Amino acid sequence: MTYESAKKLLEDWGQSHLLKYYNELDETEKQSLLDQIEGTDFSLLDNLKEENRFSAQRGKIEPLGAVTVDDIARNSESYRSTGVDAIRSGKVAAVLLAGGQGTRLGFDKPKGMFNIGVNRELFIFQCLINNLMKVVEETGSYIPLCIMTSEKNNEDTVNFFREKDFFGYNSDYVSFFIQDMAPSVDFNGKILMESKSRISSSPNGNGGWFSSLVRSGLMDKLKAQGVEWLNVFAVDNVLQQIADPMFIGAVIESGCESGSKCVAKADPYERVGAMCLEDGMPSIVEYYELTDEMANQRLDNGELAYKFGVILNYLFRLDRLVEINSSRMPVHIVEKKIPHIDENGCQVSPEKPNGFKFETLILDMIHMNRSCLPYEIVRNREFAPVKNPTGVDSVVSARALLTENGVEL
Ligand code: UTP
């Protein structure tokens with residue numbers, strides 16, 4: 001993009017200030033700024049207009065049951081055999097979401113590079129690969145694994161996997177793709193600058209994975225290989241069961257378009273989104289959206305009505321995702337503290353939120369499917385998220401759970 005065309009584009013979007021320091025930059029910085037402007041999705045700014053704002057207004061929320069641990073035990077043979085068949089015929093691929101910034105953990109590398117071991121090295125990425133290897137051993141088939149990184153952590157992530165020889169996974173089956181970025185704006189909708197030559201931007205939320213997968217060309221590749229199902233999961237659950245044959249089998253046998261692994265909530269107020277129906281379609285209601293009455297509502301059998309919390313492990317049918325067209329996904333506008341330079345070019349590290357980021361969320365994809373099978377897992381076997389250094393969902397709690405499951409630390 002030339003300076004002239006960037007200037008015109010920015011005028012159209014009311015963002016001319018991004019070129020304020022252009023003449024002070026060296027040639028490399030000038031080019032880098034023009035490349036960034038070219039790569040920025042300015043149409044995201046339209047989401048700030050009152051009439052386009054994503055409405056938090058929800059439809060009619062009702063409970064949605066799950067296939068429970070007991071149901072699964074009763075049907076295990078059939079689920080397993082259906083799932084194993086699907087994997088052996090190359091119909092399943094896995095997508096690891098590792099584009100997040102892991103701010104709560106406070107680790108300055110990609111979260112997957114965190115060493116959760118105590119007496120030996122055991123990295124989060126390694127835990128995930130070890131878990132996936134169990135399925136490879138069971139089925140005799142490698143599962144294509146697509147790893148989503150961000151501009152900020154791609155190089156570190158790719159180098160780490162290479163350095164560690166993919167933790168024993170067959171690297172022919174591993175691909176990386178980079179998540180799209182979204183600009184950050186101040187409360188007046190003006191894009192912030194990180195420095196005189198860099199626009200402030202961040203990964204566009206965990207719902208950005210599908211459009212980024214398509215743009216990378218990997219989606220076409222998977223389709224051409226005959227992949228029909230994508231198991232999408234978060235980086236931070238070290239007990240994560242990936243491409244779990246029973247889960248895949250249960251979803252296929254149910255005829256649902258998607259599936260979601262769930263845990264029975266530890267208490268009515270546990271801070272996890274719960275599976276529900278919204279206007280008759282599958283959906284997820286966030287813990288902060290539940291009224292006291294809903295949180296404590298009981299079914300006739302005495303169970304909590306909104307009992308099944310999601311753990312960010314979903315199964316999606318590829319053809320349905322294509323139909324859904326992720327460009328229609330709601331864009332959430334989130335208030336954040338965004339470091340930037342002020343009008344005098346001085347660095348500012350705000351202590352309270354000073355602007356907005358744009359994020360799409362994977363949980364919105366569930367509502368875009370016509371059906372979803374909630375699938376209950378045994379919490380202590382499969383759910384050990386590493387979000388914080390200590391306390392709930394932390395390095396400490398995950399280590400205890402790994403030990404409980406016989407993993408040597
Ligand atoms: P979280 O919502 O927990 O965010 O991500 P995070 O960035 O890992 O951690 P905090 O909130 O800053 O502490 C859930 C999953 O979604 C991925 C994360 O890598 C994690 O696997 N994610 C999140 C992305 O891939 N991209 C994003 O833009 C955001």
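As the structure lists them, so they are numbered: ligands from 1, and atoms in each ligand from 1. Sequential numbering from 1 along the given sequence is applied to the chain's residues. All of these numbers come straight from a predicted model, not from anything done at the bench.
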Below the 3.5 angstrom mark, is there an N/O of [X], backbone or side chain, next to an N/O of ligand 1?
X: L97; result: yes
X: A234; result: no
X: L312; result: no
X: V235; result: yes

I need the atoms of ligand 1 closer than 4.0 Å to a non-hydrogen atom of [X], numbered in the order shown.
X: M148; answer: 25 (O)
X: Q179; answer: 24 (C), 25 (O), 26 (N), 27 (C), 28 (O)
X: P203; answer: 28 (O)
X: K111; answer: 8 (O)
X: G99; answer: 19 (O), 24 (C), 25 (O), 26 (N)
X: Q101; answer: 7 (O)

So that I know where these two stand, are F356 and F187 an aromatic pair - ring centroids less than 6.0 Å apart? yes
Measure from the ring center of F161 to the ring center of F176 and say whether it is less than 6.0 Å. yes
Just by distance, with hydrogens left out, do [X] and [Y] show a side-chain donor and acceptor under 3.5 Å apart?
X: Y269; Y: N296; value: yes
X: S394; Y: N388; value: no
X: N354; Y: D186; value: no

Please state whether the rings of F114 and F107 are parallel, tilted or perpendicular, taking 30° and 60° as the class boundaries. perpendicular
Parallel, tilted or perpendicular: which describes the rings of F167 and F123, with under 30° parallel and over 60° perpendicular?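 Geometry flag for F123 against F167: tilted rings.
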Please lay out, stage by stage, how E286 and R271 fare under the test salt bridge (Lys or Arg N to Asp or Glu O under 4.0 Å). CA-CA 8 Å; E286 288 284 12; R271 293 156 76 98; over 6 Å; no
Location of contacts on K387 toward ligand 1, heavy atoms closer than 4.0 Å: side chain
Ligand 1 versus A98, non-hydrogen atoms closer than 4.0 Å: side chain, backbone, both, neither?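 The part of A98 near ligand 1 is the backbone, not the side chain.
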Smallest heavy-atom separation, K337 atom then P353 atom, equals CG-N, 3.7 Å
Closest contact, heavy atoms only, Y306 versus K265: O-CE, 2.9 Å
Has G102 got any heavy atom lying under 4.0 angstrom from an atom of ligand 1?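 A heavy atom of G102 does come that close to ligand 1.
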Nearest protein heavy-atom contact for [atom]: which residue, which atom, what distance?
atom: atom 24 (C) of ligand 1; value: G100 N, 3.2 Å
atom: atom 16 (O) of ligand 1; value: N206 CB, 3.4 Å
atom: atom 11 (O) of ligand 1; value: R104 NH2, 3.0 Å
atom: atom 12 (O) of ligand 1; value: T103 OG1, 2.4 Å

D236/K111 salt bridge by N-O under 4.0 Å criterion: yes
